[in-house]
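Shown next, in structure tokens, is the structure this report addresses.
Computed from heavy atoms alone, side chains included, the values below leave out hydrogens, waters and symmetry copies. Count residues from 1 along the sequence.
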Amino acid sequence: MLSKRSFFSKTIFLKNITLYWPVWACWLLVCLYRLPFRIFVNLSADFTDIAPAEYDRYLEQQFLETVYKGLSPFLLFLFAAITAITLFSYLYQARSAHMIHALPVCRESLYLTNLCSGLCFLVIPQLLSFLASIFVCFFLQMTHLEGLLHWLLLSLGMTLAAFALAVFTALVTGHMAAAYGFFIIFNYAFVVLRSQVQYIMSTISYGMTLDFQFGDFLSPLYFLG
């Protein structure tokens, strides 16, 4: 009788949550600070010097500025790299790699379980931060919450891009320090190469100014920053 093939291991998933809890706990604190805490502090300030007719408009402007400042991609890419490299760190030592692969778990299941674990580490804190921000806005009598939805969608999109690149970097390198180094290189490689090509062509084409501004999205962190 053929055994059932599973592509997800609950045991490894729970192990990742309990063993690497500092990663998702720190990211949760960062998310809570970046959005609900800063919304509460900025919107609870004393605005007595604002004219009553402009009060609501000014308050909404402060709210949107606070929300979009919480979209800084640098911390998101940093934690995406830390999460991916931490979850796949067993590949960087022969003893741990042999031990993990000797378990009765297929490699597809191991990969998908670590992938789901990393996404949960990054996405769930953002969802909790989004819900906490809604409660803060209701407490402060803010009713226009479209900015929070925009923040969530853009943040989740950046998370998927950052984590996909981080997982690729973690798998193609064989050393933890090299994984972080190549992650930075992949995020800026196209822009650096483009600037070098532009400099060489400007040097060859004397008197001509060449300014290439295409393909910034191929360097994600540079483009989003």
Side-chain angles (χ1 to χ4, degrees), residues 8 13 16-17 20-21 23-44 56-87 111-170 183-184 186-188 190-191 213-225:
F8 182 82
F13 180 76
N16 290 337
I17 293 177
Y20 304 125
W21 67 267
V23 176
W24 59 260
C26 290
W27 177 235
L28 176 61
L29 292 177
V30 169
C31 290
L32 292 176
Y33 171 78
R34 287 200 308 171
L35 201 61
F37 178 78
R38 290 176 63 178
I39 290 176
F40 179 78
V41 171
N42 292 343
L43 271 65
S44 299
D56 292 337
R57 182 178 177 182
Y58 181 80
L59 195 65
E60 185 174 355
Q61 182 181 358
Q62 288 292 108
F63 170 71
L64 291 177
E65 288 181 0
T66 304
V67 168
Y68 287 115
K69 282 182 181 179
L71 276 173
S72 176
F74 298 102
L75 282 176
L76 197 153
F77 273 70
L78 174 63
F79 274 93
I82 292 174
T83 301
I85 295 171
T86 300
L87 290 173
Y111 170 76
L112 291 176
T113 302
N114 287 331
L115 197 66
C116 293
S117 301
L119 289 175
C120 289
F121 285 7
L122 296 171
V123 170
I124 292 179
Q126 295 180 58
L127 294 176
L128 293 176
S129 178
F130 172 74
L131 294 176
S133 301
I134 291 177
F135 283 108
V136 170
C137 290
F138 285 158
F139 177 77
L140 297 174
Q141 298 181 355
M142 285 289 300
T143 57
H144 300 286
L145 305 181
E146 296 86 354
L148 284 179
L149 183 59
H150 293 166
W151 175 89
L152 180 63
L153 295 177
L154 292 172
S155 185
L156 292 180
M158 289 192 296
T159 299
L160 293 176
F163 188 63
L165 182 60
V167 169
F168 173 77
T169 307
F183 182 75
I184 297 174
F186 289 153
N187 275 290
Y188 290 96
F190 180 81
V191 173
Q213 297 296 333
F214 62 90
D216 285 348
F217 65 92
L218 296 175
S219 296
L221 189 53
Y222 171 82
F223 175 71
L224 295 171

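- Residue F79 forms a side-chain contact (heavy atoms from CB on, under 4.5 Å) with just one option from F74, F121, W27, W24, and that option is W27.
- A 4.5 Å side-chain heavy-atom check between L152 and L148 finds every atom pair outside the cut-off.
- In terms of heavy-atom proximity, C137 sits nearest to I39 at SG-CG2, 4.4 Å.
- Counted within 6.0 Å of OH on Y68, heavy atoms from surrounding residues, nucleotides or ligands total more than 12; the atom is thus considered enclosed.
- Shortest non-hydrogen contact noted between T113 and F13 is CG2-N, 3.6 Å.
- Under the 3.5 Å distance criterion, the side-chain polar atoms of R34 are left unmatched by any main-chain donor or acceptor of S129.
- Closest of all the heavy-atom pairs between S117 and N16 is OG-ND2, 3.0 Å.
- Taking CG from L87 and CD1 from I82, the interatomic distance works out to 11.5 Å, rounded to the nearest 0.5 Å.
- Counting only heavy atoms from C-beta outward, the side chains of L122 and L156 never approach each other to under 4.5 Å.
- Atom-to-atom distance recorded for I124:CD1 and L127:CG is 7.0 Å, nearest 0.5 angstrom.
- Atoms SG and CG, from C26 and L75 in turn, are 11.5 Å apart once rounded to the nearest 0.5 Å.
- The neighbour count for Y188 OH, taken as heavy atoms of other residues, nucleotides or ligands under 6.0 Å away, is above 12.
- Between F130 and L149, the shortest heavy-atom contact is CE1-N, 3.9 Å.
- To the nearest 0.5 Å, atoms OH (Y33) and CG (L29) are separated by 12.5 Å.
- The two residues P36 and C31 come nearest to each other via the heavy atoms CD-O, 3.5 Å.
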Which atom pairs, one a donor and one an acceptor, fall under 3.5 Å between side chains of residues 158-166 and the rest of the protein, sequence neighbours left out?
residue : atom : partner : partner atom : Å
T159    : OG1  : Q126    : NE2          : 2.8
T159    : OG1  : S155    : O            : 2.7

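- To the nearest 0.5 angstrom, I17 atom CD1 is 6.5 Å from C120 atom SG.
- Shown here for G118 and T83, the closest heavy-atom pair between the two residues is CA-CG2, 3.6 Å.
- Heavy-atom contacts from other residues, nucleotides or ligands closer than 6.0 Å to CZ of F37 number 12 or fewer.
- Note that the OG1 atom of T66 and the CG atom of L35 stand 9.0 Å from one another [nearest 0.5 Å].
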